Amino acid sequence: MVLGFLGTGAISEAMIRGLCGNAGFSEPILVSSRSQARSERLSRDYRQVKVITGNALLVEKSDWVIVAVLPDQVEATLGELTFRSDQKVISLAAGISLARLSEWVFPCTKVSRAIPMPPIEFGVGPVALCPQDQSIEALFGRIGTAVSVSDEGQFNLFGAASAVMADYFDRVATVSSWMESHAMEPNTATRYTTSLFHALASLTLGQTPEVLQSMSAECITPGGLNEQFLTTCTDSGSHDTLKAGLDDILARLESNTGSTS
Ligand SMILES: NC(=O)c1ccc[n+]([C@@H]2O[C@H](COP(=O)([O-])OP(=O)(O)OC[C@H]3O[C@@H](n4cnc5c(N)ncnc54)[C@H](OP(=O)(O)O)[C@@H]3O)[C@@H](O)[C@H]2O)c1
């Protein structure tokens with residue numbers, strides 16, 4: 001199976017490194033010659049990665065085509081290409097619906113959407129998929145936790161939830177910088193903070209909201225420091241802001257894709 005990437009940007013690189021690294025994917029991977037430095041670096045690092053000049057040739061040679069250009073580049077990029085009915089097209093582009101993609105890649109009808117997150121480079125993190133497709137799940141399952149839904153409205157919930165990434169990193173940075181602002185040596189602050197967030201995040205894996213709520217409750221002693229901080233956050237409306245922010249992103253995604261959850 002030949003995997004072709006239309007667009008060799010940040011997320012394509014993460015996916016290719018994840019597949020060719022620990023996941024041991026050994027089939028040919030074609031990348032476009034755009035983003036020359038990145039494409040050439042990938043083909044130097046992995047013998048199975050070949051740089052192809054011209055999107056038409058890349059599509060012609062690929063069994064599965066990963067669409068990894070920016071959302072506003074998708075229509076123009078796909079519009080000038082010819083797809084076959086025996087191919088699969090998997091779009092990573094945020095907010096571009098299956099209906100629009102299907103129109104642009106006809107007569108190919110096996111069209112999917114995916115949201116791989118950057119940590120797939122290291123074989124961890126979720127990959128949201130729509131619709132359910134066993135072979136696509138198997139591919140992404142090699143580099144992360146593949147989670148599929150058949151309903152595109154539900155898929156938008158993954159899209160909204162994945163937008164917490166920048167905020168998460170920013171919080172880790174803020175705690176670390178706050179320590180530094182109180183004269184802690186930067187390396188000490190960073191080692192402490194990143195280890196704390198990493199450990200806490202790993203404890204959440206696979207837990208239901210009910211279990212997570214009780215984990216939170218177990219950290220609290222009346223009058224203690226965790227209780228004080230949680231109360232400060234909830235009283236300031238931070239949880240409501242989180243939910244309102246997710247609602248806003250969901251509305252934006254739904255207005256793009258025309259599907260509701
Ligand atoms: N980054 C993430 O965490 C993430 C996660 C999930 C999904 N996504 C989605 O994945 C897509 C790519 O995101 P990204 O962060 O990887 O973006 P990016 O780093 O900006 O990469 C976009 C790539 O598309 C290339 N490109 C643009 N027009 C092209 C064309 N006509 N033919 C071939 N290549 C073309 C660009 O090449 P040049 O550099 O030469 O212009 C660049 O290599 C987006 O639609 C985004 O919504 C991203």
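For clarity, every value in this text was computed on a predicted model and none was experimentally measured. Each ligand, and each atom within it, is numbered from 1 in the order the structure gives. Reckoned from all heavy atoms, side chains included, excluding hydrogens, waters and symmetry mates.
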> Closest approach of S135 and K88, non-hydrogen atoms and distance?
Replying inline: OG-NZ, 2.7 Å
>> Please determine whether residues I136 and F5 belong to a single hydrophobic cluster, defined as Ile, Leu, Val, Met, Phe, Trp and Tyr linked transitively by side-chain heavy-atom distances below 4.5 Å.
In response: yes
> So how far is it from S91 OG to L98 CG, rounded to the nearest 0.5 Å?
Replying inline: 8.5 Å
> Name the residues in contact with ligand 1, where contact means a heavy atom under 4.0 Å away: which are they?
Replying inline: G7, T8, G9, A10, I11, S32, R34, S35, N55, A68, V69, L70, P71, Q73, T77, L92, A93, A94, I115, P116, P118
> Any salt bridge between R17 and D45, counting N to O under 4.0 Å?
Replying inline: yes
> Do the charged groups of R171 and D167 touch, with an N to O distance under 4.0 Å?
Replying inline: yes
> Of the options V111, I96, V67, which is the one that meets W104 in a side chain to side chain contact (heavy atoms under 4.5 Å, CB included)?
Replying inline: I96
